[in-house]
Amino acid sequence: MPGVESARTATRRALERAWAQAVDDGRLPALPPESAATAIEVVRPANPDHGDLSTNLALKLARPLRRPPLEIAAALRDSLAASMSEETGSAIADPTVAAPGFLNLRLAPGYVEASIDAATQVGSSFGRVEAQRPQRINVEFVSANPTGPLHIGNARGAFVGDLLCRVLEAAGHDVTREYYFNDAGTQVRNLGESVRRVRLGEPVPEDGYRGEYVSDLAREVPEEIWARAVSDEADGAWVIGVWASERVRAGIESSLGRLGVRFDVWRTETGIEREGWIDRSIERLREGGHVYESERALWFRSTAFGDDKDRVVRRSNGELTYFGKDIGYLEEKFSRGFDRLIYVWGADHHGTVARLRNAAEAMGYGRDAVEVLLVAWVRFVRDGQEISMSKRSGEFITLDELLAEIGADAARWYFAARAHTSGIDFDIELAKRQSNENPVYYVQYAHARISSILRKAQEAGLSPADSVAGRLADDPVALGLAKEILRLPELVEDAATAHETQGVTAYATQLATTFHAFYRDRRVIDPADPGTSGVRLALVDAARLALANTLALLGISAPESM
RNA sequence: GCGCCCGUAGCUCAGUGGAUAGAGCGGAUGGCUUCGGACCAUCAGGUCGCGGGUUCGAAUCCUGCCGGGCGCGCCA
């Protein structure tokens, strides 16, 4: 079901019309053809005296039109005012001009009321928007190799990737969640060898894996696997490694499941290679003249696209590099018809971004179709001391431990509220202590409180009004809450564009605060006045819906009591 | 050395061209015989790392420093 259009989109459209009308009427000169198209920016002013929405269009047009911004703003205002008097249901009202050339606008109460009704009608779809250009998007994230449980380091990618997917879906895109892992390399053998040694009571090799999970695996090796592994003709480390890595992979999948993260596609390196995608991609590059042989290795001419050196695709010993496999995977993904590929990688991989996008360009898919989100690393500290996190050392905090300690909701909020580019010092003791004062509970509390009001109203025989039309305009407190509710679609658009969710958590907090203030100032349940109660119940129910949908967007539960 | 990311309130972080730089936590003070006090209200707290520049307007863009992280392989 389609959602409700954002007030900003409606406003932008009204401004577009007003601008065109002002040019038709001769109030404004036409934009000179040589000047670049001017996008209409509509923002929420920080100061409420500046209206609900504001545009700097007149300031932007001042230079190309060679007119004072205040004059342009006045012309736009007059055109808006004229069109508002002609049509009913206009989104905006009361346009005013402010120095140095802003045009400040208010949302028309009738529009606010109609939008609240619309939100109630679409229910869980409120907050979803239609993309201007819907795309099929592949988001590959986590993609940790199955050599050990997820720790908080690579778990950050799970949070960021999942949030991105949810936001893109809400913004009208078709998203495929993909997990890619290496099921062939030396790491599988290393894991198997580590397990084998532990089982035999021998020391683990220097480059092997340690930690409790290795001991657990050693204990759990099935007899038939073990028998095959110790037979003379078998590659024991490999046999055990294949079994162990699948077991670890399944564990990762269920850890992610506990977090609420599910993948549509699990893809392996051997699958990509076996199906011939790598050969085909190299052939495609060869046809374009983008690869060459040198010193018995095969090179991609990455410098032709601005890289500082060419990159090896196939080593002189015949083995593919990681990059070579990436190229094949690019080919395979695009063959499935995606418009855009997004990779969520650790920031330490930033050096490999350019070559990947260069390869996409060389293959004819366009570099802009490939985006990489670099997620900053998480530094783990305990009592101020950094903990080195590596599966090889065996010392790390797992995702499961994190979820057991602070819960999925608090953990999700923690990562959603921070830019993925900012480094984090994660102190699990501090996180535990702070989990009780995590703002997520503040937001959930508002939701539970409204749910309680609605239950109580039902017991009192009161029910929400079918429509709030004509009933909010004369109450500034109610109108203020309604306007806050209606911001949700904009936040979804912004989050999808920016690939960030901090705005969404900030909005959720703000909406909860606005509701609490409404609750303080307006009695919702009043058996003596069922008419007013009905309107207020409809409004707080819309607030509950907005809170629930916002939390759902973040993958966080919305409890009816707590 | 070169490249990328970061530096904002006591702490953790938002804000990437707009009007008086915000939130949460922590601190101070006050508020329930009425719909959930996991709440509300008020206050204190800032050379936006530093210096130049662009702009009507800079935390935001450019540039030079300072400080921190990461990367620079026929590794993954």
Side-chain angles (χ1 to χ4, degrees), chain A residues 41 43 45-47 49-50 54-56 59-60 62-63 68-70 98-102 104 145 147 182 185-187 269 294-299 307-326 346-354 374-377 379 413-414 417-427 430-431 433-434 436-446 448-457 459-460 462 498 500 502-503 505-507 509-510 512-513 515-517 519-527 533 536-537 540 561-562:
Chain A
E41 288 172 45
V43 299
N47 184 339
D49 292 342
H50 298 145
S54 173
T55 182
N56 60 1
L59 288 157
K60 283 272 159 59
R63 189 184 293 270
L70 285 170
F102 292 106
N104 296 333
N145 282 335
T147 53
N182 181 353
T186 52
Q187 296 183 58
E269 276 186 27
S294 173
E295 297 169 59
R296 305 186 53 221
L298 185 68
W299 297 72
D307 204 345
D308 49 9
K309 53 186 81 160
D310 289 340
R311 306 291 173 176
V312 173
V313 174
R314 185 184 290 132
R315 295 191 262 161
S316 53
N317 67 4
E319 284 178 29
L320 291 158
T321 59
Y322 200 81
F323 174 54
K325 294 173 185 182
D326 279 346
D348 53 338
H349 284 72
H350 70 78
T352 62
V353 173
L374 295 171
V375 179
W377 218 233
R379 245 177 106 246
W413 185 279
Y414 183 90
R418 286 161 173 75
H420 62 77
T421 49
S422 74
I424 291 178
D425 280 0
F426 195 100
D427 186 326
L430 193 66
R433 253 178 281 137
Q434 286 184 344
N436 289 329
E437 51 224 27
N438 192 310
V440 71
Y441 299 119
Y442 175 78
V443 175
Q444 289 181 321
Y445 178 71
R449 205 179 199 186
I450 298 173
S451 301
S452 168
I453 292 170
L454 293 168
R455 281 193 300 270
K456 193 145 286 186
E459 288 165 17
L462 295 167
E500 294 282 10
Q502 308 89 267
T505 53
Y507 166 73
T509 307
Q510 182 59 50
T513 297
F515 161 72
H516 285 307
Y519 174 88
R520 179 194 64 216
D521 294 335
R522 294 291 182 268
R523 177 116 203 139
V524 177
I525 297 175
D526 182 5
S533 290
R536 290 180 180 166
L537 283 166
V540 297
S561 64
M562 54 193 291

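Protein chains get the first letters and strands the later ones, always in sequence-line order, with residue 1 at the start of each.
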Show the distances under 3.5 angstrom between N or O atoms of the protein and N or O atoms of nucleotides 28-31 of chain B.
none

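Side-chain atoms of A:Y442 and A:T513 include a donor-acceptor pair closer than 3.5 Å.
Using a 4.0 Å heavy-atom cutoff across all strands shown, A:T505 reaches no nucleic acid atom at all. Within the 4.0 angstrom heavy-atom criterion, base atoms lie near A:A448. Contacts of A:R522 with the nucleic acid, taken as non-hydrogen atoms under 4.0 Å apart, include base atoms.
Going from the P atom of B:U54 to that of B:G68 covers 32 Å, rounded to whole Å. For the P atom pair drawn from B:U16 and B:G49, the interatomic distance equals 15 Å after rounding to whole Å.
Residues that satisfy the side-chain hydrogen bond (donor to acceptor under 3.5 Å, both in side chains) test with A:R311, not counting sequence neighbours, are A:D307, A:D308. Residues passing the side-chain contact (heavy atoms from CB on, under 4.5 Å) test with A:R63: none are found, sequence neighbours excluded. Considering only residues two or more places apart in sequence or on other chains, A:E295 meets the salt bridge (Lys or Arg N to Asp or Glu O under 4.0 Å) condition with none of them. In this structure, the side-chain contact (heavy atoms from CB on, under 4.5 Å) partners of A:L320, at least two apart in sequence or on a different chain, are A:E273, A:I278, A:I282, A:R314, A:K325. In this structure, the side-chain contact (heavy atoms from CB on, under 4.5 Å) partners of A:P68, at least two apart in sequence or on a different chain, are A:E71. Looking at residues two or more places apart in sequence or on another chain, you find a side-chain hydrogen bond (donor to acceptor under 3.5 Å, both in side chains) between A:N104 and A:S54. Scanning for side-chain contact (heavy atoms from CB on, under 4.5 Å) contacts around A:A62 gives A:P69, A:I72, with sequence neighbours left out. Annotation: side-chain hydrogen bond (donor to acceptor under 3.5 Å, both in side chains) contacts of A:Y445 (sequence neighbours excluded): none. Checked against side-chain hydrogen bond (donor to acceptor under 3.5 Å, both in side chains), A:H516 has the following partners two or more places apart in sequence or in another chain: A:R449.
Along RNA chain B, the nucleotide nearest to A:A376 and the one nearest to A:I453 differ in position, and the one closer to the 5' end is contacted by A:A376.
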### Task
Would you mind building the protein contact string for nucleotides 68-76 of chain B? One character per nucleotide, 5' to 3', B for base within reach (heavy atoms under 4.0 Å), S for sugar-phosphate only, - for untouched.
--BSSSBSB

#### Entry: Contact state string [nucleotides 15-22 of chain B, B base, S sugar-phosphate only, - no protein heavy atom under 4.0 Å]
S--BBB--

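With hydrogens and angles left out, the side chain of A:R418 and the base of B:U12 share no donor-acceptor pair within 3.5 Å.
Whole-Å rounding puts the A:Y441 OH to B:G36 C1' distance at 18 Å. Taking atom NE2 on A:H516 and atom C1' on B:G36, their separation rounds to 10 Å, with Å as the unit. When rounded to the nearest whole Å, the span between CZ of A:F515 and P of B:G36 equals 10 Å.
Contact annotation: A:R520 reaches the phosphate of B:A41 (side-chain N/O to OP1 or OP2, under 4.0 Å).
In the displayed structure, A:R455 atom CZ is contacted under 6.0 Å by more than 12 heavy atoms of other residues, nucleotides or ligands.
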